[in-house]
Amino acid sequence: MSALQPVRGTHDLLPDEARRHRAIEAAAFACAGRAGFGEIATPIFEFTEVFARTLGETSDVVTKEMYSFTDRSGDSITLRPEGTAGVARAFLSGGLAQHLPLKLFYRGPMFRHERPQKGRLRQFHQIGVELLGVDNPLGDVEVLALAWRILSDLGLGAKVRLEINTLGDAPSRAAYRETLLAFLSGHIDQLSQESRQRMERNPLRVLDSKDEGDKRVVANAPLIHDSLTPEARDFFAAVTNGLEALGIPFEVNPRLVRGLDYYSHTAFEFTTTALGAQGTVLAGGRYDGLIGMMGGPPTPGIGWAAGVERLAMLIDEPPMPPRPVAVVPMGDGLLGLKIAESLRAAGVSVDMAFSGNLKKRMARAAKLNARFAVLLGEEELARGHVSLRDLDAATQTEVPLDGLVERLAQAE
RNA sequence: GCGGGAGUAGCUCAGUUGGUUAGAGCGCCAGAUUGUGAUUCUGGAUGUCGCCGGUUCAAUUCCGGUCUCUCGCCCCA
């Protein structure tokens, strides 16, 4: 293991890639802001308890994927594997129950000790939203509409598919669990080893097994929809009706389940076929029980998170940086920098190379996609002028140095 | 965590049936042109052949281990 290598599953965001990430986060936050979501930034680590309690003691995330360590005070600390638990904790420790309903947007790095693959990293980035204090299915619809708006704005509307399901309320889920377990027990000899384990830990997971034998069994399994209480059924109908009313395309997938314990009612995923086994690009659901589970007042919540790296892989061209003006000194570099600074002060993007002859500097200007070059030739300067070259039109005029800033600030 | 594939220059890759200075294209730097973006021409730099060990007179090449990436599984954004 070389000390100069990044830790397994981590990577550097070089400028092109960083720009892509920033564009995604900016587009998402712009959409979220228009819908009334404000940004929240919680710490990237919490006491281990925060995640262990909320994610479920037996979930994979808790049992094998957490980056946990003991700090110098002897406390067990964990790098956050997802965003919702930290937001819920902030909600409680910040006394935010006074401000319900709350619309929150977050972004930042998450950490999971998994085996890396394309689209799966140990440090990755998510954007996400949480809507707290709303038990109305309209909340689900609005949060889904926001996700759809963001993906559409990123140009991914045609590349993703929304699948949605309901996990029911607590009574529905308990009843369904019994029904499903009874059914699976009758076919246990046809189930894969993994699914037999799933029956003990999280029976719903058997439903979305990729094993062919499991799929045959599951095809005839009872569905949660038949175990729903009238309330849960109405709730789900209100969500799907809302999506239809807003013209958001979706498909009900009765076998869609969620890994984390805190979900109830609505569960959904936006998936793509373009990323191999890591096809989920944005996912979330309702978690009415979470805050109560953490010891707070019963507070409904719904939200989602999206993987920025996965979104970035679906976006073809990174957005272009703003086109600069290239300042090209021929003699005194300091004069060039002075002019560059006055242009920058006026809001113009300016680049000036530190070395190179005129030809090199012009080539560099072209490479930077500069719009104009300001050439500081001694002859013009002697007359108080500079040459202003339009690099698109390949034309050049002499302009007084005095009016240069105004002229270029206007051209922007 | 389990199973498969890969690793040679900044990038894409060739190559060595084990043998002296390891190559191409693109890119980069410099010059031809001490005042102009393309093309062309000339010159140049960059590799511990992923890492460690073994076999051998000799290993980038063969063997073992390891690391990283990658595909699938588990799971997930």
Side-chain angles (χ1 to χ4, degrees), chain A residues 1-11 14 24 55-56 58-65 80-84 107-128 147 160 192-195 197-198 201-202 205 208-211 214 257-260 268-272 275-284 303-314 326 328-331 355-381 386-396:
Chain A
M1 169 183 330
S2 164
L4 291 183
Q5 238 170 14
V7 174
R8 180 175 207 196
T10 67
H11 63 173
L14 302 179
I24 289 167
L55 302 180
T58 60
S59 71
D60 273 33
V61 169
V62 170
T63 55
K64 60 179 198 190
E65 293 172 4
R80 63 183 184 189
E82 55 100 45
T84 302
R107 58 169 181 178
M110 306 291 166
F111 306 84
R112 290 183 200 171
H113 193 105
E114 296 185 274
R115 177 127 165 192
Q117 276 180 48
K118 184 165 160 186
R120 172 189 293 167
L121 300 155
R122 289 186 172 181
Q123 176 178 340
F124 59 103
H125 297 80
Q126 286 188 336
I127 52 178
V160 297
S192 66
Q193 195 56 45
E194 277 152 358
S195 281
Q197 285 168 6
R198 282 192 270 242
R201 275 186 170 190
N202 190 347
R205 284 240 80 100
D208 69 346
S209 171
K210 290 178 191 170
D211 181 84
D214 290 350
V257 298
R258 300 266 74 206
L260 306 181
F268 55 88
E269 285 183 4
F270 284 86
T271 59
T272 175
L275 297 178
Q278 282 69 244
T280 302
V281 121
L282 181 154
W304 51 254
V308 177
E309 281 82 359
R310 289 185 185 179
L311 291 172
M313 283 189 288
L314 295 178
V328 180
M330 291 179 210
S355 65
N357 59 25
L358 178 56
K359 185 186 171 82
K360 287 293 168 205
R361 288 171 186 266
M362 289 303 288
R364 227 168 269 158
K367 199 167 171 184
L368 288 168
N369 193 32
R371 179 73 183 82
F372 296 99
V374 176
L375 300 158
L376 310 181
E378 292 183 11
E379 292 169 21
E380 302 95 298
L381 285 172
V386 299
S387 291
L388 180 61
R389 184 172 180 83
D390 181 324
L391 291 168
D392 287 349
T395 57
Q396 192 166 322

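So you know, we letter chains A, B, ... as the sequences are listed, proteins then strands, and number each from 1. Only this structure's heavy atoms are used, side chains among them; waters, hydrogens and symmetry mates stay out.
Nucleotides B:rC51 and B:rU12 have their C1' atoms positioned 24 Å apart, rounded to a whole Å. The gap from the C1' atom of B:rG25 to that of B:rC62 amounts to 31 Å, rounded to the nearest Å. Between B:rU40 and B:rA6, the distance separating the two C1' atoms is 39 Å to the nearest Å. Comparing the same atom, P, in B:rC13 and in B:rU60 gives a spacing of 23 Å after rounding to whole Å. For B:rG65 and B:rG47, the P atoms lie 31 Å apart once the distance is rounded to whole Å.
Between A:K360 and B:rC29, a side-chain N or O to OP1/OP2 separation shorter than 4.0 Å is absent. Applying the 4.0 Å criterion to OP1 and OP2 of B:rG37, one finds that A:N369 has every side-chain N and O outside that range.
One can place NZ of A:K359 at 10 Å from P of B:rA32, the figure rounded to the nearest angstrom. Residue A:K367 contributes atom NZ, which lies 9 Å from atom P of B:rG27 at whole-angstrom precision. A straight line from CG of A:D211 to P of B:rC73 spans 11 Å, rounded to a whole angstrom. Nucleotide B:rG72 holds its P atom 7 Å from the CD atom of A:Q278, rounded to whole Å. We find that CZ of A:R361 is positioned 13 Å from C1' of B:rU36, with the value rounded to whole Å.
Residues forming a salt bridge (Lys or Arg N to Asp or Glu O under 4.0 Å) with A:R107 (at least two apart in sequence, or on another chain): A:E25, A:E39.
Between the side chain of A:R310 and the base of B:rC76 there is at least one donor-acceptor pair of N/O atoms closer than 3.5 Å. The base of B:rA77 does not come close enough to the side chain of A:R120 for any donor and acceptor atom to sit less than 3.5 Å apart. A:E380 contributes a side-chain N or O that forms a donor-acceptor pair with the base of B:rG35 under 3.5 Å. For A:R389 against B:rG37, a side-chain N or O and a base N or O form a donor-acceptor pair under 3.5 Å.
Remark: the A:E380 side chain and the A:S387 side chain contain an N/O donor-acceptor pair separated by less than 3.5 Å. Counted by atom type alone, A:S209 and A:D214 present one or more donor-acceptor pairs between their side chains at under 3.5 Å.
Test A:N357, A:L381, A:L358, A:L376 against A:M330 for side-chain contact (heavy atoms from CB on, under 4.5 Å) and you get one pass: A:L358.
Across the interface with RNA chain B, nearest-nucleotide mapping of A:R364 and A:A305 shows A:R364 to be the residue nearer the 5′ end.
In this structure, the side chain of A:T10 engages the main chain of A:V7 through a donor-acceptor pair within 3.5 Å.
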